[in-house]
Participant: 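Take a look at the following structure, please.
One-based numbering, in listed order, for ligands and for the atoms of each.
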Amino acid sequence: MSKPTIATGHFTGCFGCHMSLLDIDERILQLTELVEFDKSPINDKKRFDRVVDIGIIEGGCSNDENVEFLRMFRKNCKTLVAIGACALTGGVPAMRNTVPLRECLEEAFLRGPSVIDGVIPNDPDIPIMLDRVYPAHEVVKIDYFIPGCPPSADALWAAIVALLEGREPVLDYELLKYD
Ligand code: SF4
């Protein structure tokens with residue numbers, strides 16, 4: 001019988017949520033027995049081969065490329081789980097949401113204390129910044145949310161096991177954290 005499939009994706013965040021996933025330590029061996037990984041930075045697989053059972057995404061959307069990839073995840077994942085503050089609320093990157101984008105770019109690339117002869121990047125290959133950082137659920141439907149910055153490895157493990165067993169990923173109080 002074929003194994004359930006998992007994909008993971010990273011958008012605007014710090015990769016800390018993926019690091020937390022790796023923090024399940026030796027359970028990663030168990031996980032590789034239980035599931036087959038499709039697209040994920042963990043195996044460096046760039047494309048989906050199929051529609052997967054579980055998608056896990058970290059980070060919000062700060063540019064047009066994030067939006068495109070998040071929509072691709074939604075299309076290719078039967079169940080989509082958002083993990084971490086950046087995916088759930090925009091997190092630290094969303095601190096820029098109170099400042100107009102133009103001012104952010106000017107501060108970063110023209111007026112910043114370490115800038116010499118600055119220029120705002122405008123290469124057509126660079127993703128276009130959005131007016132603000134959007135949490136994942138404002139872009140696509142998210143089935144489950146796991147808070148934390150990052151969520152603990154135990155919380156992620158409990159959620160994955162629950163989903164693989166066909167249960168709702170309801171986490172015990174001690175596994176929930178919001179910082
Ligand atoms: S929620 Fe925290 S750990 Fe996760 S990507 Fe955002 S800043 Fe990093």
Participant: Flag yes if more than 12 heavy atoms outside D123 fall under 6.0 Å of its CG atom; otherwise flag no.
Facilitator: yes
Participant: Is any side-chain N of the basic residue among K141 and D143 closer than 4.0 Å to the acidic one's carboxylate O?
Facilitator: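 Yes.
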Participant: Among side-chain atoms of D38 and T5, is any donor-acceptor pair under 3.5 angstrom?
Facilitator: no
Participant: Is any side-chain N of the basic residue among E103 and R111 closer than 4.0 Å to the acidic one's carboxylate O?
Facilitator: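 Here E103 does not pair with R111 in a salt bridge, since their nearest N and O are not under 4.0 Å apart.
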Participant: Using a 4.5 Å cut-off on heavy atoms from C-beta on, say whether the side chain of S62 contacts that of R96.
Facilitator: yes
Participant: Classify the ring geometry of H10 against F15: parallel below 30°, tilted from 30° to 60°, perpendicular beyond 60°.
Facilitator: parallel
Participant: What protein N/O/S atoms sit under 2.8 Å from atom 8 (Fe) of ligand 1, by chain and number?
Facilitator: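 Less than 2.8 Å away from atom 8 (Fe) of ligand 1 sit C14 SG.
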